[in-house]
Amino acid sequence: MATSEELHKRRVEAVARGVGSTIPAYVDRAGGGTITDVDGREWIDFAAGIAVTNVGNSAPRVVEAVRAQVERFTHTCFMVAPYESYVAVCEQLNAVTPGGFEKRSALFNSGAEAVENAVKIARHATGRPAVVVFEHAYHGRTNLTMALTAKNMPYKHRFGPFAGEVYRVPMSYPLRDGGLDGATAAARSIEMIEKQVGAENVAALLIEPIQGEGGFVVPAPGFLPALREWATAAGVVFVADEIQTGFCRTGDWFACAHEGVEPDLVTLAKGIAGGLPLAAVTGRAELMDAVHVGGLGGTYGGNPIACAAALAAMETMRELDLAAAARRIGAVMGERLGAIAARDRRVAEVRGRGAMLAVEIVVPGTLTPDPAATAAISAACHAAGLLTLTCGTYGNVLRFLPPLVISDDELARGLDILDAAFG
Ligand code: PLZ
């Protein structure tokens, strides 16, 4: 087998430079809480492919379902010749997402595509143009979703012009907004919408219930419920982007559930299918069904192999109670991170929920972000065999997203490496 070094040489000659990788090691196999590279080195996985392999890599049920489906048929296109698994995935999403009302779903390939379609549906159903998004938001890399995403580098830089009718308002970010309570922070955002956009022009308010790429920002309690209430009164479609938070990651099936918020539409991807590309928009039947026949779709959306994987992944989440597993992982990680924060003044805050936790790194005694220290700690983790990711508008957040099937021993070993990386 080629070594990582050899593969890297080939990669530089073949793969566009714009596509980066976190670690220089090339994967041979992965499962449970580990990844093994082609040089035989084992990595503890605190990334889960960016919150995708919640059920673990090559989860047994997923492997079995995919194998069986590949043998039956690989693709007919649901828009041409439909099949049961697409319908079954939609039935399950309608049942498992927050909100006791009648729902419909449509399936796509990527998170960005789900977000694009949620905006299409909200605009079509309301006849209004504007979309409101938040500071630090991340919603994807396509043209519309670049406009919805906050951060310039690396996502938007020199890729404009961007789609119009996108308006950005402040997020509730307790560490950096003086600890505004949720209701006050929401009132500030709502006033900006009403003064600068006009509620009657707004089709959708789009928000990550816990921000992902933007820094694992957890809004103050009450922020999401207040926005939900305002959206209802203003006839604005409340869209929760649960692409990173979804499918048991935060200790519940969806992060909105923690505050009892029922979105009108929810965008789903990542954890949905155990690593196969699948995404969805799920929401109120009257909004989803407002769109004319043929108005939504795509060649591969709801591909039968991805649908088979999704059904198996959701079954695994139920069978292993991965929401409870996420809460357990969160308790163990939270305790260790708390101990690190207590001794290392570079840690301004430990935050997140369930198995979606992060630490924000600053210059001690200030709130000045320290991306260099963050990168150094991350590099020390990588050198010792722990795969961690960074995020945040300021690049100063270390985030931890282990597969929810990680063993106690793997988790403990990963946390030992992390502990040592802080010095
Ligand atoms: N919405 C909340 O987290 C994807 C992006 C990685 P796609 N986040 C990982 C990168 O650098 O490209 C994401 C997300 C939220 C939307 C998306 C977009 O999902 O499947 O990457 O298109």
Side-chain angles (χ1 to χ4, degrees), residues 93 97-99 101 103-106 108 110-140 142-150 162-172 186 189-212 214 219 223-246 254-256 261-269 279-292 295-296:
L93 296 179
T97 48
F101 39 81
K103 295 178 203 140
R104 301 283 185 270
S105 292
F108 306 97
S110 67
E113 212 189 332
V115 172
E116 292 252 359
N117 278 280
V119 171
K120 281 168 65 173
I121 293 161
R123 282 179 170 155
H124 190 107
T126 59
R128 301 172 178 185
V131 182
V132 171
V133 288
F134 290 80
E135 285 176 348
H136 314 290
Y138 183 91
H139 298 292
T142 59
N143 186 263
L144 172 59
T145 59
M146 276 194 291
L148 301 170
T149 290
F162 304 112
E165 287 300 323
V166 173
Y167 301 91
R168 192 171 309 284
V169 298
M171 177 65 182
S172 165
S189 305
I190 289 165
E191 183 185 290
M192 193 178 278
I193 300 168
E194 290 181 338
K195 292 283 176 282
Q196 299 185 13
V197 192
E200 64 278 20
N201 299 316
V202 179
L205 181 146
L206 169 64
I207 189 163
E208 299 155 85
I210 298 175
Q211 289 182 324
F223 184 69
L224 296 171
L227 293 173
R228 167 69 276 191
E229 202 175 306
W230 173 81
T232 303
V236 169
V237 179
F238 185 102
V239 186
D241 181 341
E242 291 252 18
I243 287 166
Q244 190 151 163
T245 49
F254 298 98
C256 279
V261 168
E262 298 186 347
D264 298 310
L265 300 178
V266 50
T267 55
L268 305 167
V281 181
T282 297
R284 286 186 188 278
E286 64 271 24
L287 297 174
M288 297 293 296
D289 280 345
V291 177
H292 49 277
L296 302 173

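Positions are given from 1, in the same order as the sequence printed here. Since the structure is predicted, the reported quantities are computational estimates derived from the model, not experimental observations.
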For [X], side chain to side chain contact (heavy atoms under 4.5 Å, CB included) partners two or more places apart:
X      : result
Val261 : Leu224, Pro225, Arg228, Phe238, Cys256, Glu259
Ala114 : Thr267, Ala279, Val281
Glu194 : Ile190, Trp230
Thr142 : Ala112, Glu116, Thr145

Point-to-point distance, once rounded to the nearest 0.5 Å, from CD1 of Ile121 to OG1 of Thr126: 11.5 Å

For residues 164-171, please give each side-chain donor-acceptor pair under 3.5 Å, one per line with the distance, not counting sequence neighbours.
| unit_1 | atom_1 | unit_2 | atom_2 | d |
| --- | --- | --- | --- | --- |
| Glu165 | OE1 | Tyr167 | OH | 3.1 |
| Glu165 | OE2 | Tyr167 | OH | 3.3 |
| Arg168 | NH1 | Phe134 | O | 2.9 |
| Arg168 | NH1 | Leu148 | O | 3.2 |
| Arg168 | NH2 | Ala147 | O | 3.1 |
| Arg168 | NH2 | Leu148 | O | 3.3 |
| Arg168 | NH2 | Thr149 | O | 3.0 |

Residues in side chain to side chain donor-acceptor pair (under 3.5 Å) contact with [X], at least two apart in sequence or another chain:
X      : answer
Ser189 : none
Lys103 : Thr97
Glu242 : Thr245
Ser105 : Asn94, Thr282

Enumerate, atom names and distances included, each donor-acceptor pair closer than 3.5 Å involving a side-chain atom of residues 198-209, sequence neighbours excluded.
| unit_1 | atom_1 | unit_2 | atom_2 | d |
| --- | --- | --- | --- | --- |
| Asn201 | ND2 | Val197 | O | 2.8 |
| Glu208 | OE1 | Gly212 | N | 2.9 |
| Glu208 | OE2 | Tyr138 | N | 2.9 |

With sequence neighbours excluded, residues passing ring-ring contact (aromatic ring centres under 6.0 Å, His included) with Phe254: Phe247

Flag side-chain contact, heavy atom, 4.5 Å: Met288 against Leu265: yes

Ile243 and Val115: CA distance, side-chain angles, deciding distance, side-chain contact (heavy atoms from CB on, under 4.5 Å) verdict: CA-CA 9 Å; Ile243 287 166; Val115 172; 3.8 Å; yes

Flag, side chain of Asp264 to backbone of Arg284, donor-acceptor distance under 3.5 Å: no

Residue pair Val237, Arg123: steps toward the side-chain contact (heavy atoms from CB on, under 4.5 Å) verdict: CA-CA 9 Å; Val237 179; Arg123 282 179 170 155; over 6 Å; no

Enclosure of Glu229 CD (heavy-atom neighbours >12, cutoff 6.0 Å): no

Where Leu287 and Ala125 come nearest, the two heavy atoms and their spacing: CD2-CB, 3.7 Å

Contacts of Arg104 that satisfy salt bridge (Lys or Arg N to Asp or Glu O under 4.0 Å) - sequence neighbours left out: Glu102, Asp289

